[in-house]
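What follows is a short report on a single structure.
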Amino acid sequence: MTRPLPSFVPPPPNVRPRVGHAGLWFDKFCDRWRVQGRTWGMKSEKGDDGTGPKFAWIETLTKGKVGTSRQIDECASRLMRLIDRRGGRSAVFTSESRFVTGLGRSHPVENGFAWHPTLGTPYLPGSSVKGLVRAWARLDADPLPSRETVERLLGDRGAAGGVSFLDAVPIAPVQLEADVMTPHYAGWTSTEPPGDWRSPGPIPFLIAAAKTPFLFGIVPCLAGTDDLRTVMSWLCSALAWNGAGAKTAVGYGRFGRDDEKTAYLKQQLSDEDVKAEERMREEREARERVTRLAALTPIEREIEEVIDHRPDRNTPEITVVMQAVKDGRWTGGDKVEAAKWLRRRMQQQKRWKETSQKKRPEKDRDHQNTLRVMRWLDGH
């Protein structure tokens with residue numbers, strides 16, 4: 001059967017774009033297939049210790065960090081804001097060793113990788129975080145909590161727990177690296193049992209480099225403050241001693257709490273709130289100004305324009321308008337209207353002085369300005 005394919009299909013890119021979802025590139029654009037006999041494959045005669053097609057494909061993800069700073073910052077800000085509004089707890093944990101997640105996912109290079117759906121970075125699903133905390137609480141916590149406590153906080157089959165776990169996401173673009181595992185026991189049979197004498201079969205896989213900070217968060221469903229404190233302590237211990245992700249038995253996925261980065265994120269959130277309030281205030285003042293200007297006379301609107309365009313914002317409004325009248329901006333009836341505005345403003349500020357109590361009235365600035373405005377009101 002002939003299929004109606006287009007006459008020209010654009011070739012896929014040869015190099016991972018600097019922007020874009022790295023996970024889509026890793027999962028969808030693998031182009032290291034080779035014809036091996038009567039089929040396609042990615043096996044290498046020398047193995048994948050750095051020369052095979054699988055290793056070469058993984059290395060396309062190690063040329064520069066993955067993730068966009070702006071998107072990652074926005075995600076972390078939203079996540080922390082959600083946790084704060086729900087009365088939860090959040091903390092940044094930095095990986096002290098290499099971290100790998102999603103190895104069990106299918107992929108042509110044999111080992112997959114867990115990519116955040118929108119950020120295009122490695123992440124740890126909330127279900128995985130809950131699983132490692134549950135394992136710690138049941139087996140390694142000191143003191144061990146009762147089964148009823150674990151089920152109340154972490155739930156059980158058919159029953160939700162009192163604490164919800166959010167996805168752990170990075171707070172900065174992530175540097176990925178290629179790693180290799182060399183099992184000796186592949187392909188053994190009953191007549192050829194496994195043993196250290198067998199030739200190793202290098203298998204490459206993708207990992208997140210050490211010193212990568214992740215944001216973890218928990219929010220209460222039915223739990224109280226003390227319960228959240230307990231679960232967070234379990235999380236800290238589980239990440240430090242048992243690790244997260246895959247290959248934790250050989251030291252991968254160890255995390256240490258980073259209070260400095262946590263404080264920095266919270267300060268950023270506070271600064272964002274201040275900027276948002278300032279922006280709302282400016283927008284409110286702008287709307288109020290539009291409403292106020294609509295109710296003014298043409299001359300009053302001109303006066304407002306003169307005030308807004310003054311070179312020095314510290315110059316008093318009365319001084320600016322008086323100088324504009326002196327410079328001849330208004331004449332005739334418009335000049336009289338400007339003088340009326342000056343009289344009202346000077347009276348409001350207690351600067352309207354038709355008489356002076358000073359020995360030398362010519363040195364009394366408010367008195368002299370009042371006399372000047374009175375002359376303008378008389379049409380002079």
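All residue numbers refer to positions in the sequence shown, counting from 1. Predicted model only: the values in this text are computed from it and were never measured.
Other residues, nucleotides and ligands place no more than 12 heavy atoms under 6.0 Å from the CZ atom of Arg18. Under a cut-off of 6.0 angstrom, the local environment of NZ in Lys247 is crowded, with over 12 non-hydrogen atoms contributed by other residues, nucleotides or ligands. At most 12 non-hydrogen atoms from other residues, nucleotides or ligands lie less than 6.0 angstrom from CD of Glu260. No more than 12 heavy atoms of other residues, nucleotides or ligands shown are found within 6.0 angstrom of CZ on Arg78. More than 12 heavy atoms of other residues, nucleotides or ligands lie within 6.0 Å of CD in Glu282, so this atom counts as buried by the packing criterion. The local environment of CZ in Arg365 is sparse, with at most 12 non-hydrogen atoms from other residues, nucleotides or ligands closer than 6.0 Å. The 12-atom threshold is exceeded at CZ of Arg281, counting heavy atoms of other residues, nucleotides or ligands nearer than 6.0 Å.
Residues Leu377 and Ala339 share a closest heavy-atom pair of CD2-CB, 3.6 Å. For the pair Pro173 and Ile72, the tightest heavy-atom approach, listed with the atom from each and the gap, is N-CD1, 3.6 Å. Between Val219 and Arg86 the shortest heavy-atom distance is CG1-CB, 4.0 Å. Counting all heavy atoms, side chain and backbone alike, Ala168 lies closest to Tyr123 at O-CB, 3.3 Å. Between Thr121 and Gly67 the shortest heavy-atom distance is CG2-CA, 3.6 Å. Residues Glu177 and Ala209 come closest through the heavy atom pair OE2-CB, 3.4 Å.
The backbone N or O of Gly253 sits nowhere less than 3.5 Å from a side-chain atom of Arg98 that would complete a donor-acceptor pair. Within the 3.5 Å criterion, the main-chain N or O of Lys358 finds a donor-acceptor partner in the side chain of Ser356. Put simply, the side chain of Thr248 never gets that close to the backbone of Gly243: no donor and acceptor are under 3.5 Å apart. A distance-only check finds no donor-acceptor pair linking the side chain of Arg229 to the backbone of Gly224 [under 3.5 Å]. Remark: the backbone N or O of Trp352 is not paired with any side-chain donor or acceptor of Thr370 at under 3.5 angstrom. His21 places a side-chain N or O within donor-acceptor distance of the main-chain N or O of Pro117, the cut-off being under 3.5 Å. Looking only at distances, no side-chain donor or acceptor of Thr62 sits under 3.5 Å from a matching main-chain atom of Ile58. The backbone N or O of Pro122 lies less than 3.5 Å from no partner atom in the side chain of His116, so there is not a single donor-acceptor pair. When atom types are taken as modelled, the side chain of Thr189 and the backbone of Glu192 share a donor-acceptor pair closer than 3.5 angstrom. Remark: side-chain polar atoms of Thr101 are not paired, donor with acceptor, to backbone N or O of Ala114 under 3.5 angstrom.
Partners of Asp258 according to the side chain to side chain donor-acceptor pair (under 3.5 Å) rule, which considers only residues two or more places apart in sequence or in another chain, are Thr94, Lys261.
For the residue pair Ser77/Gln268, the side-chain donor-acceptor check at 3.5 Å is not satisfied. Judged by distance alone, the side chains of Gln267 and Asp271 do bring a donor and an acceptor atom under 3.5 Å apart. Neither side chain, Ser233 nor Thr230, offers a donor N or O lying under 3.5 Å from an acceptor on the other.
A salt bridge is defined here as a Lys NZ or Arg NE, NH1 or NH2 lying under 4.0 Å from an Asp or Glu carboxylate O, and Asp227 with Arg152 meets this definition. Comment: Arg147 engages Glu151 in a salt bridge, judged by a side-chain N to carboxylate O separation of less than 4.0 angstrom. A salt bridge does not link Arg310 with Asp308: none of the charged nitrogens is closer than 4.0 Å to a carboxylate oxygen. With salt bridges taken as basic N to acidic carboxylate O contacts below 4.0 Å, one links Arg351 and Asp366. The pair Glu300-Lys340 does not meet the salt-bridge criterion, since no charged nitrogen lies less than 4.0 angstrom from a carboxylate oxygen. The pair Arg81-Asp84 fails the salt-bridge criterion, with no side-chain N (NZ, NE, NH1 or NH2) lying under 4.0 Å from an Asp/Glu carboxylate O.
In the hydrophobic clustering of this structure, Met80 does not group with Leu235; members are Ile, Leu, Val, Met, Phe, Trp, Tyr whose side-chain heavy atoms approach within less than 4.5 Å, directly or through other members. If you chain together hydrophobic residues whose side chains sit under 4.5 Å apart, Leu103 and Ile203 fall into the same group. Follow the hydrophobic side-chain contacts under 4.5 Å out from Phe255 and you reach Leu132 in the same cluster. Under a hydrophobic clustering in which Ile, Leu, Val, Met, Phe, Trp and Tyr are joined whenever their side-chain heavy atoms come within less than 4.5 Å, directly or via other members, Val321 and Met374 fall into the same cluster. Note on Leu124 and Leu206: separate hydrophobic clusters, where clusters join Ile, Leu, Val, Met, Phe, Trp and Tyr whose side-chain heavy atoms are under 4.5 Å apart, directly or indirectly.
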- [ ] Go through Lys54 and Arg32 one step at a time and tell me if the side chain to side chain contact (heavy atoms under 4.5 Å, CB included) criterion holds.
- [x] CA-CA 7 Å; Lys54 297 178 182 178; Arg32 296 303 194 270; over 6 Å; no
TODO: Any chance you could lay out the side chain to side chain contact (heavy atoms under 4.5 Å, CB included) test for Val336 and Trp376, step after step, and finish with the verdict?
DONE: CA-CA 6 Å; Val336 174; Trp376 292 340; over 6 Å; no
Task: Worked check of side chain to side chain contact (heavy atoms under 4.5 Å, CB included) between Leu228 and Val163 - done: CA-CA 7 Å; Leu228 288 177; Val163 177; 4.1 Å; yes
Task: Met322/Glu317 under side chain to side chain contact (heavy atoms under 4.5 Å, CB included): CA gap, chis, key distance, verdict - done: CA-CA 9 Å; Met322 290 199 70; Glu317 296 178 357; over 6 Å; no
Task: Full working for salt bridge (charged side-chain N to carboxylate O under 4.0 Å, His left out) between Asp73 and Arg70 - done: CA-CA 5 Å; Asp73 291 344; Arg70 180 181 59 81; over 6 Å; no
Open item on the list: Show, in sequence, the C-alpha distance, side-chain angles and deciding distance for Arg292 and Glu304, and conclude whether the salt bridge (charged side-chain N to carboxylate O under 4.0 Å, His left out) test is met.
Closed with: CA-CA 11 Å; Arg292 181 167 54 84; Glu304 291 291 335; 3.2 Å; yes
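Residue pairs meeting the side-chain hydrogen bond (donor to acceptor under 3.5 Å, both in side chains) criterion with at least one partner in residues 236-245, sequence neighbours excluded, are Asp140-Asn242.
The shortest side-chain heavy-atom distance between Met181 and Asn111 falls under the 4.5 Å cut-off. Looking at Ile218 and Leu166, their side chains never come closer than 4.5 Å, going by heavy atoms from C-beta outward. Residues Ile303 and Ile307 have side chains in contact (heavy-atom distance under 4.5 Å, counting atoms from C-beta outward). Proximity of Arg329 to Lys335: side-chain heavy atoms (C-beta onward) are nowhere separated by under 4.5 Å. For the pair Lys266 and Ser90, the minimum side-chain heavy-atom distance is below 4.5 Å. Put simply, the side chain of Val133 reaches to within 4.5 Å of the side chain of Phe165, judged on heavy atoms. Annotation: side chain of Val174 is not in contact with side chain of Lys65 (no heavy-atom distance under 4.5 Å). In this structure the side chain of Arg257 reaches within 4.5 angstrom of the side chain of Asp259, judged on heavy atoms.
Ring to ring, Tyr252 and Phe99 are not that close: their centroids are 6.0 angstrom or more apart. Between Phe93 and Phe216, the distance from one ring center to the other falls under 6.0 angstrom. Taking the six-membered ring wherever Trp is involved, the centroid distance between the rings of Phe113 and Trp115 falls below 6.0 Å.
The line from CD1 of Ile299 to CD of Glu302 is 4.5 Å long, rounded to the nearest 0.5 Å.
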